[in-house]
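To keep things clear, I will list the structure first and then write my remarks on it.
Naming: A, B, ... by sequence-line order, numbering from 1 per chain. Owing to the predicted nature of the structure, the values given are computational and were not obtained by experimental measurement.
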Number of protein chains: 2
Amino acid sequence: MTSFYSEKHKFLLAVDCIIFGFHEGELNVLLLHRSFEPEKGKLSLPGGFLKENESLNDAAIRVLNELTGLENLYMEQVHTFGDVHRDSGERVVSVAYYALININDYDTSLLGKYNAIWVKSTDMPNLVFDHSEMVQSARHALCQRAAIEPVGFNLLPEKFTLPQFQTLYEAIYGEVLDKRNFRKKVLSMNVLEKLNEKDKLSSKRGAFLIGLMKKSIKS
Amino acid sequence: MTSFYSEKHKFLLAVDCIIFGFHEGELNVLLLHRSFEPEKGKLSLPGGFLKENESLNDAAIRVLNELTGLENLYMEQVHTFGDVHRDSGERVVSVAYYALININDYDTSLLGKYNAIWVKSTDMPNLVFDHSEMVQSARHALCQRAAIEPVGFNLLPEKFTLPQFQTLYEAIYGEVLDKRNFRKKVLSMNVLEKLNEKDKLSSKRGAFLIGLMKKSIKS
DNA sequence: GCAAAAGTGTTGCCATTACACCCATGA
DNA sequence: TCATGGGTGTAATGGCAACACTTTTGC
């Protein structure tokens with residue numbers, strides 16, 4: 001007996017990843033030069049096809065790991081793109097995920113291996129298919145998320161400075177923030193701890209490093 | 001020559017719809033008694049499989065139309081569920097959409113036809129697979145959306161009263177709102193127009209009907 | 001006349017914004 | 001000594017929340 005499911009069509013399913021890094025005061029996105037037809041040579045998001053015994057999230061994790069060598073990345077599903085002709089090769093439905101990585105952890109030798117480049121998000125070229133739209137959606141989702149919880153940490157090293165942190169949020173929101181107000185708000189959240197070290201890389205005076213606070217005991 | 005895509009696995013793709021209606025001061029969701037194995041007889045969301053030449057959105061539109069007889073419904077994609085064993089029958093990846101309908105437009109004869117029921121969202125039974133989680137996600141997405149733009153209209157008739165409108169938002173947010181503050185905010189948005197009719201169904205005094213304002217000319 | 005829902009303003013508070021100067025240091 | 005980026009406080013504003021009584025009318 002044939003099951004109810006048997007007559008239905010099946011589809012190629014992909015995940016495409018918007019990998020954000022933070023570098024020189026700008027949000028950057030990792031892009032690939034597409035290595036196969038159609039659209040070979042053009043820029044695209046890193047992605048991969050879902051495998052038979054793999055969950056969607058696992059597929060995203062796999063793709064992210066392949067491309068960055070990193071594990072346990074912060075990631076979030078963004079949206080699923082299912083237009084009939086979105087992929088000019090064959091019908092593919094694609095689930096977009098974004099991920100946040102500390103760009104210092106990224107092994108730049110991978111750039112050559114995958115023919116990849118980091119591109120400033122303020123300066124995105126045209127991408128294949130609907131990938132530009134995916135990036136837009138991901139930026140939007142990141143904005144929303146960042147306004148709710150402090151996901152920004154994932155884009156920075158373990159220790160960082162308040163000016164760095166502010167620049168990051170300015171990059172995420174795409175607007176300049178008031179220094180005093182920003183510091184006030186961030187510090188009032190009681191999740192950051194001022195360390196007794198200074199980072200003197202970006203100024204002569206040096207800025208105090210801060211880090212995630214060790215969770216305090218519930219009162 | 002085989003294309004790059006040809007070796008990849010293909011998957012069943014479904015859309016599942018959380019159809020919200022507003023009735024007697026409560027958000028309701030349309031559920032089906034599942035008519036086929038597995039889990040036959042249990043409650044599930046209405047859904048359907050994606051067809052070969054159909055976009056995801058079109059599939060959602062089709063399912064919504066089948067089940068409600070209505071067109072041009074307000075709907076939004078929520079999330080895609082892709083765990084390997086989420087469907088106990090076969091591997092199915094499912095994209096959840098929610099829709100808002102004016103429950104008065106709903107032809108109740110369809111309840112019998114599809115073995116469907118309206119269930120209060122405050123009183124949801126267990127659903128098959130991960131459908132309960134889908135409802136949760138949809139409620140969350142609706143909450144977020146409603147806070148940004150006035151999507152609530154879609155759950156009400158063309159004309160409605162402010163007390164009705166308030167009850168609706170109380171149902172969406174799941175909390176009681178202050179009458180004066182609510183009216184103040186809603187009216188200050190300049191999108192509602194007070195009509196010269198009263199609805200006397202819910203009180204002796206009657207409440208003025210309001211409706212969407214005809215767009216004013218840009219100044 | 002009374003029960004039941006509709007309608008109506010004011011006040012205080014808190015969160016957000018705007019804003020300008022001194023500090024520390026390396027070159 | 002000067003150029004560069006780091007660090008700090010206060011005052012004004014506006015949005016949001018809290019709050020109680022009068023009105024209408026069907027029964």
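The backbone N or O of Leu177(A) sits less than 3.5 Å from a side-chain atom of Glu170(A), completing a donor-acceptor pair. Without hydrogens or angle criteria, Glu26(B) side chain to His23(B) main chain gives no donor-acceptor distance under 3.5 Å.
The distance from atom CD of Gln166(B) to atom C1' of dA6(C) is 11 Å, rounded to the nearest whole Å. In this entry the distance linking CG of Asp178(B) with P of dT8(C) reads 14 Å, nearest Å. Residue Phe182(B) contributes atom CZ, which lies 16 Å from atom C1' of dT8(C) at whole-angstrom precision. Between Asp199(A) atom CG and dG26(C) atom P the separation is 13 Å, expressed in whole Å.
Only one option out of Asp83(A), Thr80(A), Val84(A) pairs with Val93(A) in a side-chain contact (heavy atoms from CB on, under 4.5 Å); it is Thr80(A).
Residues Lys194(A) and Lys179(B) each lie close to DNA chain D; by heavy-atom proximity, the contact nearer the 5' end of the strand is made by Lys194(A). Each of Arg183(B) and Gly206(A) was assigned the nucleotide of DNA chain C with the nearest heavy atom; the assignment lying further toward the 5' end belongs to Arg183(B). Mapping Arg180(A) and Lys204(B) onto DNA chain C by nearest heavy atom places Lys204(B) closer to the 5' end of the strand.
Ring orientation note: the planes of His79(A) and Phe81(A) are nearly perpendicular, at an angle over 60° on the 30°/60° scale.
Protein chain B touches strand DNA chain D; the 5'-most and 3'-most nucleotides with an atom under 4.0 angstrom of its non-hydrogen atoms are dA17(D) to dG26(D).
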Going 5' to 3' along nucleotides 10-17 of chain C, which nucleotides have protein heavy atoms under 4.0 Å from the base (write B), which only from the sugar-phosphate (write S), and which from neither (write -)? B------B
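Contacts of Lys200(B) with the nucleic acid, taken as non-hydrogen atoms under 4.0 Å apart, involve only primed sugar atoms and P, OP1 or OP2. Residue Ser202(A) is in sugar-phosphate contact alone, with no base atom involved, counting any heavy-atom pair closer than 4.0 Å across all strands shown.
Here the shortest heavy-atom pairing between Val63(B) and Gly48(B) reads CG2-N, 3.8 Å.
Between the side chains of Asn57(B) and Ser55(B), not a single donor N or O lies within less than 3.5 Å of an accepting N or O.
Contact of Arg205(B) with dA6(C) (side chain to base): a donor-acceptor pair of N or O atoms is detected under 3.5 Å.
Within 6.0 Å of atom CD in Glu149(B), more than 12 heavy atoms from other residues, nucleotides or ligands are found, so the atom counts as buried in its surroundings.
Leu67(A) places none of its side-chain heavy atoms less than 4.5 Å from the side chain of Leu110(A). Contact of the Leu192(A) side chain with the Phe165(A) side chain is registered, since non-hydrogen atoms from C-beta on lie closer than 4.5 Å.
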